[in-house]
Amino acid sequence: MKDKLYRLALRLLQNVQEAEDVVQETMIRIWGKREEWGQWQSLEAYCMISVRNSCLDRLRKQQLRPAGEEKAWNIISPDKDPHEKMMAKEAFIQIRKCMDELPQNQQLVIQLREIEGFSYNEIAEVLDMSLDQVKVNLFRARNAIKRSIIKEESSWSRKK
């Protein structure tokens, strides 16, 4: 669960050290409440909500605006040839760039759904939104990324 918490914190804070600090603090806080774990419907959802809230508190306190991000994942398979690796890396960079340009709610919804594999209901619980809001944000995020990729590909074909 630590990696999921870290990726969420990194998405919100855009800072590796801050994200690590938030995850560590959250895990310590959650461990201190281990007697209560049985009362919680989902420990993972509780932890994700706690990380989200801690990140938002930090952003408010520091009056920061997310900017720039170090890569949180390595999606390149060692089995691919160099050309495939390069193409996969370029696609990853393009998708991350598109995601960074989305509104924050859309960024979080697509992160939790497509990268973390959360269900719509889990996303609604973690982000404290209605199921309809989750679906709308996911639809808009996917469409924005699709439009951006199509636009980029059409500019490549014109350059040739």
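The two residues L13 and A19 make their nearest non-hydrogen contact at CD1-N, 3.8 Å. Residue M129 comes nearest to V109 through the heavy atom pair SD-CG2, 4.1 Å, listed as atom of the first residue, atom of the second, then distance. Nearest heavy-atom pair, V51 versus L8, reported as atom, atom and distance to 0.1 Å: CG1-CD2, 4.2 Å. The two residues R58 and E25 have their closest heavy-atom pair at NH2-OE2, 2.8 Å. Smallest separation of non-hydrogen atoms from S148 and Q94: O-NE2, 4.1 Å.
Side-chain atoms of I145 and E101, non-hydrogen and from C-beta on, never get closer than 4.5 Å to each other. Contact of the L10 side chain with the E18 side chain is not registered, since no non-hydrogen atoms from C-beta on lie closer than 4.5 Å. Under the 4.5 Å side-chain criterion, counting only non-hydrogen atoms from C-beta, M1 is in contact with C47. You'll find the side chain of R142 reaches within 4.5 Å of the side chain of R113, heavy atoms only. N105 is not listed as a side-chain neighbour of P103, based on a closest heavy-atom distance of 4.5 Å or more. Side-chain contact between L43 and E36: absent, with no pair of heavy atoms (C-beta onward) separated by less than 4.5 Å. Proximity of F118 to E44: side-chain heavy atoms (C-beta onward) are separated by under 4.5 Å at one or more points.
Of the possible polar contacts, none joining the Q106 side chain to the N137 backbone as a donor-acceptor pair under 3.5 Å is found. Checked by atom type and distance alone, the side chain of T26 pairs as donor or acceptor with a backbone atom of V22 at under 3.5 Å. Q133 contributes a side-chain N or O that, together with a main-chain N or O of S130, makes up a donor-acceptor pair within less than 3.5 Å.
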Next on the checklist: Checking C55 against R11 for the side-chain contact (heavy atoms from CB on, under 4.5 Å) test, could you report, in this order, the C-alpha distance in whole Å, the side-chain angles of both residues, the deciding distance, and whether it holds?
Outcome noted: CA-CA 10 Å; C55 290; R11 161 69 36 210; over 6 Å; no
Checklist entry - How far apart are the C-alpha atoms of Q104 and L12, what are their side-chain angles, what is the distance that settles it, and do they pass the side-chain contact (heavy atoms from CB on, under 4.5 Å) test? => result CA-CA 8 Å; Q104 188 176 36; L12 286 166; 2.9 Å; yes
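For the pair D57 and R52, the salt-bridge criterion is not met [side-chain N within less than 4.0 Å of a carboxylate O]. Residues E20 and K2 are not paired through a salt bridge, judged by the lack of any N-O separation under 4.0 Å between the basic side chain and the carboxylate.
Criterion: ILVMFWY side-chain heavy atoms under 4.5 Å apart, direct or through other members. Under it, F139 and I95 are not part of a common hydrophobic cluster. Following chains of ILVMFWY side-chain contacts shorter than 4.5 Å, one can reach I49 starting from L131, so the two form part of one hydrophobic cluster.
To the nearest 0.5 Å, atoms CE (M48) and OG (S42) are separated by 10.0 Å. From K151, atom NZ reaches atom SG of C98 across 10.0 Å, with rounding to the nearest 0.5 Å.
Within 6.0 Å of atom CD in Q24, 12 or fewer heavy atoms from other residues, nucleotides or ligands are found, so the atom counts as exposed in its surroundings. Within a 6.0 Å radius of CD in E35, other residues, nucleotides and ligands contribute more than 12 heavy atoms.
Below 30°, between 30° and 60°, or above 60°: for W31 and W37 the angle between ring planes is above 60°, a perpendicular geometry.
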Using a 3.5 Å cut-off and no angle test, enumerate the donor-acceptor pairs between side-chain atoms of residues 120-128 and protein atoms at least two apart in sequence or in another chain.
from	atom 1	to	atom 2	distance (Å)
E122	OE1	S119	N	2.8
E122	OE1	S119	OG	3.4

